[in-house]
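To start, the structure itself, in structure tokens.
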Amino acid sequence: MKTERQSIQENEAMDTDLHLSQRLAESNVSKIIYALVMPETEQVIDAVLDGSEVDRLGGRTKFHHLFREAWTQKQDAIHEGFFIKWRSWVAPIVHFDPKGFPFCYPTAGASEALREAIHAYAANSRKERFVPKIHVFEGEYEGFAAYAAAAGIEVQSHGRQDWQKAVDTIGAKDQFYISQPSGIDGFVWDEFDSFACELQRRTPTAEIMLDLTYVGCVAREFRVNADHPNIGSIFLSLSKPAGVYYHRIGGMYSRKEYPGLFGNKWFKNLCSLSIGIEFMSRFGVQELPCKYRPVQQQVIHQVNQRLGLELIAADIFLLGVGGPSHSPSDLERYLLRGSKGEQKVRVCLTPLMAHAINPDLNPSVAARYYERIVD
């Protein structure tokens with residue numbers, strides 16, 4: 001039961017956070033990470049909808065044909081084509097042997113797959129009678145902890161700079177959820193391989209659950225080794241790389257079967273999968289981040305002037321990040337991500353970038369107190 005003083009303190013904190021959110025909104029940036037709908041995004045969608053000759057009735061022949069004659073089972077393999085294309089698309093960055101991950105499921109973005117994996121882990125713990133525990137680094141994607149809480153699973157947070165100590169606390173049946181590139185600060189985490197190898201050495205049965213949502217958002221060269229034997233599942237999404245958040249295009253590779261996603265092989269969004277395939281066919285995995293890197297840098301300069309920050313361009317092309325000043329302001333503290341010793345001020349630049357690309361787009365941001373899950 002909360003005391004009256006605790007309730008007052010919580011209300012004051014909410015008022016402060018809302019005020020700081022409004023300050024960001026007035027500068028057309030956000031604490032929440034939003035997808036950037038690029039001109040290329042809309043060109044791809046148009047191509048999927050209008051990509052064939054118009055028939056005599058004025059319809060879209062090729063698009064409608066996608067949904068017709070389900071009894072022929074012609075739709076059954078469409079998601080397989082999506083996964084083949086994704087593997088080819090990320091090949092310059094992501095290394096893994098698909099034979100080691102024989103189960104793949106199309107999902108509504110990464111969030112559906114993450115939610116199912118966490119709930120399946122909870123169900124399995126009841127069946128096998130062990131206490132489930134999920135581990136994350138401080139400042140990671142909020143959805144990991146939110147889905148775990150909904151499934152009644154304890155979540156333990158660790159400082160990423162002390163990952164060697166974190167490895168000591170991970171049990172044989174535990175899972176560790178992690179994003180690479182990292183949602184904590186918007187950069188590729190260079191110690192990921194060392195972390196995976198050390199966890200494998202010390203606790204080989206603990207699982208790493210690898211979220212690759214931000215692959216496709218980085219302009220520079222980097223590699224992700226997703227073949228570590230303790231990686232249980234790989235989650236993927238085109239929400240941020242392609243700007244298709246509301247089309248819900250994602251998937252999951254797994255070493256083991258997830259019966260709760262079995263039906264997704266049939267009950268899937270054919271339009272979204274087609275948009276994903278078309279996008280990856282047209283643009284390389286680093287092509288658009290390279291194209292829009294100058295826009296990212298341009299708007300960072302504006303943000304620094306408006307808010308008195310010292311941001312630089314993150315690897316993830318939607319973000320500006322910077323270290324906190326010696327005496328951090330309330331705004332800097334509000335924007336801090338990560339654990340003590342490596343905290344970064346992180347700002348989403350999407351509204352300003354969208355306006356810079358197309359001045360007709362409204363850069364006004366709706367201030368919010370808190371957004372719990374953003375995929």
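Ring-centre distance between F195 and F137: below the 6.0 Å cut-off.
In this structure, T213 and S237 have side chains that are in contact, with non-hydrogen atoms separated by less than 4.5 Å. Annotation: side chain of L24 is not in contact with side chain of S30 (no heavy-atom distance under 4.5 Å). Here the side chains of P241 and W89 are in contact, with some heavy-atom distance below 4.5 Å.
The closest donor-acceptor contact from the side chain of K31 to the backbone of Y334 lies under 3.5 Å. Counting only distance, with no hydrogens or angles, the side chain of T41 and the backbone of A242 share a donor-acceptor pair below 3.5 Å. At distances below 3.5 Å, not a single donor-acceptor pair connects side-chain atoms of R220 with backbone N or O atoms of D315. At least one donor-acceptor pair under 3.5 Å links the side chain of K268 to the backbone N or O of D76. Of the possible donor and acceptor atoms, none in the side chain of N28 sits under 3.5 Å from a partner among the backbone N and O of L352.
Checked against side-chain contact (heavy atoms from CB on, under 4.5 Å), D97 has the following partners two or more places apart in sequence or in another chain: K99, D227. With sequence neighbours left out, the ring-ring contact (aromatic ring centres under 6.0 Å, His included) criterion links Y292 to no other residue.
By the 30° and 60° cut-offs, the orientation of the rings of F83 relative to H79 is perpendicular. Relative ring orientation between Y177 and F144 is described as tilted, the plane-to-plane angle lying within the 30° to 60° band.
Partner of Q175 under the side chain to side chain donor-acceptor pair (under 3.5 Å) criterion, out of H135, E207, K133: E207 alone.
No more than 12 heavy atoms of other residues, nucleotides or ligands shown are found within 6.0 angstrom of OH on Y246.
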